[in-house]
Amino acid sequence: MLTNRPRGTNDILPGQVEKWQLIEETMRCISAEYNYQEIRTPIFEHTELFIRGVGETTDIVEKEMYTFVDRGERSVTLRPEGTAPVVRSYLENRLNSGPQPVKLYYTGPMFRYDRPQSGRYRQFHQVGVEAFGSHHPALDAEVMSMAMEFYRRIGLVDVELHINSVGCPECRPQLKEKLCEYFRPRESDLCSNCRQRLVKNPLRIIDCKNPGCQEIAKDAPTPLDHLCSDCKEHFDSVCEYLKALGIPFVINPRLVRGLDYYTHTAFEIMAKGLGAQSSVGGGGRYNRLIEECGGPSIPGIGYALGVERIILALEQQGVETAPSPGPDVFVAILTPDLKADAFKILSKLRKKGISSDQDYLGRSLKAQMKYASKINAKYTIIVGNDELEREMVILREMDTGEQSEVPVEDAAAKIKERLASCTD
RNA sequence: GUGGGUGUAGCUCAGAUGGUUAGAGCGCCAGAUUGUGGCUCUGGAGGCCAUGGGUUCGAGUCCCAUCAUCCACCCCA
């Protein structure tokens with residue numbers, strides 16, 4: 001127990017963490033280019049926020065939340081997704097009273113009490129954006145193009161952007177009615193899940209993965225066929241912008257996302273070779289959410305990309321990230337009495353910005369050399385009694401084995417010089 | 001929440017039909033005479049065989065339970 005991580009969580013170790021850093025850096029970089037600013041919200045929120053925000057009938061709220069009561073008898077929940085907290089923060093901090101739109105990005109852990117499997121964990125990580133305050137379809141296109149640009153830059157190929165429109169409060173009631181009309185006569189052939197959906201959220205039936213339900217739903221009405229004129233215009237316009245930007249996409253009229261707050265645009269990005277959990281990101285427009293959370297009627301749109309799944313997909317595709325390099329210099333000593341002198345040299349190197357290390361196990365010179373080689377040190381400085389008396393040390397290049405005596409004073413400068421020349 | 005697979009050294013795995021002190025490769029540490037790594041050789045450390053019950057004269061091996069892990073369903077990232 002003591003040495004086991006909690007179920008569905010992961011340690012990200014050296015060797016793996018470089019991929020995470022690359023993803024986070026890329027997010028920062030792209031966000032700057034698209035003019036999104038970072039926001040950091042708490043990792044837990046009042047439970048009520050997610051119930052209201054994500055929707056009472058969603059799987060997330062019904063069975064996946066990490067909820068507990070704190071010492072003050074408040075019910076709090078580890079955030080299962082990023083949108084509701086950002087909306088809360090936007091309202092609480094009155095960001096709606098500044099210039100609009102407000103464009104924000106975030107990275108961080110999310111928590112869902114699911115049964116773990118490939119690409120699915122109880123603590124997982126997302127990078128995402130939210131943009132508030134504009135209805136403009138160009139913003140939908142911007143958000144999607146940003147997500148696609150992210151995959152491109154990270155080196156992930158074979159990703160497909162699926163888009164759909166799930167309508168708005170104007171046209172959705174009619175659609176729901178049509179769906180009920182269509183499905184009710186065949187209710188007994190639907191899976192038990194879908195029979196419940198018929199009452200709670202008929203829209204989701206057309207997205208059911210059950211083969212039986214798929215067969216029945218084949219000819220069911222889709223949102224796309226029943227959009228009101230505003231929704232239709234918006235959707236067409238989004239498609240136009242995507243085409244103008246040269247972003248390939250497929251219209252998937254059956255795409256219905258599991259979060260209740262989406263209106264108009266919904267999208268999902270799939271990667272090949274990922275097994276069952278093939279979605280590496282998704283998002284959509286949520287024009288009612290802010291109001292639902294107690295704010296004014298302000299539209300929003302956003303996406304979230306799954307870091308673990310992106311890494312899985314990258315590995316699947318054989319994309320390699322550079323491993324973290326070893327230190328520039330290892331300072332070895334011939335005899336233990338030279339430790340203090342060597343330590344001084346080491347300290348000077350570090351102050352000059354040269355990454356360096358030394359032995360902490362009292363090893364022989366031979367063992368120190370072996371260690372230096374294993375940790376991939378580029379150079380070794382060997383401190384010997386004879387040389388030190390003449391204020392000299394040996395500088396050895398590990399790749400070639402070439403070595404020469406250099407004055408202690410010049411060691412740092414010499415190393416800097418050589419490091420600079422070999423990176424060109 | 002449901003179903004299936006798997007749990008032996010830090011890692012990858014051997015350990016027929018139950019039978020003495022549980023093995024290999026890699027990794028780790030040390031050595032191979034004078035103050036120098038990568039190759040080679042030698043030695044060493046490291047296992048309550050996931051945990052708890054049972055069957056048996058005897059269990060790493062058979063049975064049950066628990067836990068963990070992997071995969072799939074549901075759903076999502």
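Below, all heavy atoms of this structure are taken into account, side chains as well, without hydrogens, waters or symmetry copies. Residue numbers start from 1 in every chain, and the chains themselves are labelled A, B, ... in the order their sequence lines are given, proteins ahead of strands.
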**Student:** Find the distance A:R120:CZ to B:rU2:P and express it as a whole number of Å.
**Tutor:**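 These atoms are roughly 14 Å apart.
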
**Student:** Scan for ring pair (Phe, Tyr, Trp, His ring centres under 6.0 Å) pairs involving residues 191-210 of chain A, sequence neighbours excluded, and state none if there are none.
**Tutor:**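 Qualifying pairs: none.
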
**Student:** Partners of A:F330 by ring-ring contact (aromatic ring centres under 6.0 Å, His included), sequence neighbours excluded?
**Tutor:**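 With sequence neighbours excluded, A:F330 shows a ring-ring contact (aromatic ring centres under 6.0 Å, His included) to A:Y371, given in chain and number order.
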
**Student:** Take the protein atom CD of A:Q403 and the nucleotide atom P of B:rU36, then report the distance between them rounded to whole Å.
**Tutor:**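 Distance check: A:Q403 CD to B:rU36 P gives 10 Å.
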
**Student:** Would you classify A:E268 as touching base, sugar-phosphate or nothing, given that sugar-phosphate means primed atoms plus P, OP1 and OP2, and contacts are heavy atoms under 4.0 Å?
**Tutor:**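 Nothing: the residue A:E268, judged by heavy atoms under 4.0 Å, touches no strand.
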
**Student:** What parts of residues 332-349 of chain A reach RNA chain B, counting only heavy atoms under 4.0 Å away?
**Tutor:**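 Within this stretch, A:L334 sit under 4.0 Å of the strand.
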
**Student:** What side-chain donor-acceptor pairs closer than 3.5 Å can you find for residues 387-394 of chain A, not counting sequence neighbours?
**Tutor:**
residue: A:R390; atom: NH2; partner: A:E405; partner atom: OE1; Å: 2.5
residue: A:R390; atom: NH2; partner: A:E405; partner atom: OE2; Å: 2.9

**Student:** Quick check against the 3.5 Å criterion: does A:R112 have a side-chain atom that pairs as donor or acceptor with the backbone of A:I60?
**Tutor:**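 Answer holds: no.
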
**Student:** Enumerate the protein-to-nucleotides 6-10 of chain B contacts in which both atoms are nitrogen or oxygen and the separation is below 3.5 Å.
**Tutor:**
none

**Student:** Choose from B:rG38, B:rC29, B:rG1 the nucleotide whose nearest atom is closest to any side-chain atom of A:R396.
**Tutor:**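 Of all the options, the side chain of A:R396 is nearest to B:rG38.
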
**Student:** Can you list every pair that meets ring pair (Phe, Tyr, Trp, His ring centres under 6.0 Å) and has a residue in residues 21-55 of chain A, with sequence neighbours left out?
**Tutor:**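 Sorted result for residues 21-55 of chain A: empty, none.
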
**Student:** Within a 6.0 Å radius of atom CZ on A:R153, are there more than 12 heavy atoms belonging to other residues, nucleotides or ligands?
**Tutor:**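 More than 12 within 6.0 Å, yes.
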
**Student:** For A:K344, I'd like to know if atom NZ has over 12 heavy atoms of other residues, nucleotides or ligands within 6.0 Å.
**Tutor:**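 It does not: A:K344 NZ has 12 such atoms or fewer within range.
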
**Student:** When you measure only distances, ignoring hydrogens and angles, does the side chain of A:Q368 come within 3.5 Å of the base of B:rG35 through a donor and an acceptor?
**Tutor:**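 Answer is no: no donor-acceptor pair is held.
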
**Student:** Tell me which residues in residues 141-156 of chain A put a heavy atom below 4.0 Å from RNA chain B, sorted by number, or none.
**Tutor:**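 Contacts with RNA chain B under 4.0 Å: none.
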
**Student:** Looking at every strand, decide which applies to A:N376 at a 4.0 Å heavy-atom threshold: base, sugar-phosphate, or nothing.
**Tutor:**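 No contact at all - A:N376 keeps every heavy atom at 4.0 Å or more from the nucleic acid.
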
**Student:** Quick one: stems involving RNA chain B, counted as three or more successive Watson-Crick or G-U pairs, both distances short of 3.5 Å.
**Tutor:**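 B:1-7 with B:67-73, B:10-13 with B:23-26, B:28-32 with B:40-44, B:50-54 with B:62-66 - these are the stems of 3 or more pairs that involve RNA chain B.
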
**Student:** Go through the structure and list residues passing salt bridge (charged side-chain N to carboxylate O under 4.0 Å, His left out) with A:E56, not counting sequence neighbours.
**Tutor:**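 By the salt bridge (charged side-chain N to carboxylate O under 4.0 Å, His left out) rule, A:E56 matches no residue at all.
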
**Student:** I'd like to check the ring-ring contact (aromatic ring centres under 6.0 Å, His included) partners of A:F124; sequence neighbours left out, ordered by chain and number.
**Tutor:**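 Counting only residues at least two positions away or on another chain, A:F124 forms no ring-ring contact (aromatic ring centres under 6.0 Å, His included).
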
**Student:** For nucleotides 69-71 of chain B, give me every protein contact, N/O to N/O, under 3.5 Å, one pair per line with atom names.
**Tutor:**
residue: B:rU69; atom: OP2; partner: A:R7; partner atom: NE; Å: 2.9
residue: B:rC71; atom: OP1; partner: A:S118; partner atom: OG; Å: 3.2
residue: B:rC71; atom: OP2; partner: A:S118; partner atom: N; Å: 2.7

**Student:** A:R79 side chain to A:P109 main-chain N or O, any donor-acceptor pair under 3.5 Å?
**Tutor:**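 Yes; at least one donor-acceptor contact below 3.5 Å.
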
**Student:** What nucleotide, of B:rG35, B:rU36, B:rG1, holds the atom closest to the side chain of A:D386?
**Tutor:**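 Closest of the options to the side chain of A:D386: B:rG35.
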
**Student:** Short of 4.0 Å, heavy atom to strand atom, which residues of residues 18-42 of chain A count as contacting RNA chain B?
**Tutor:**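 None, since no heavy atom is under 4.0 Å.
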
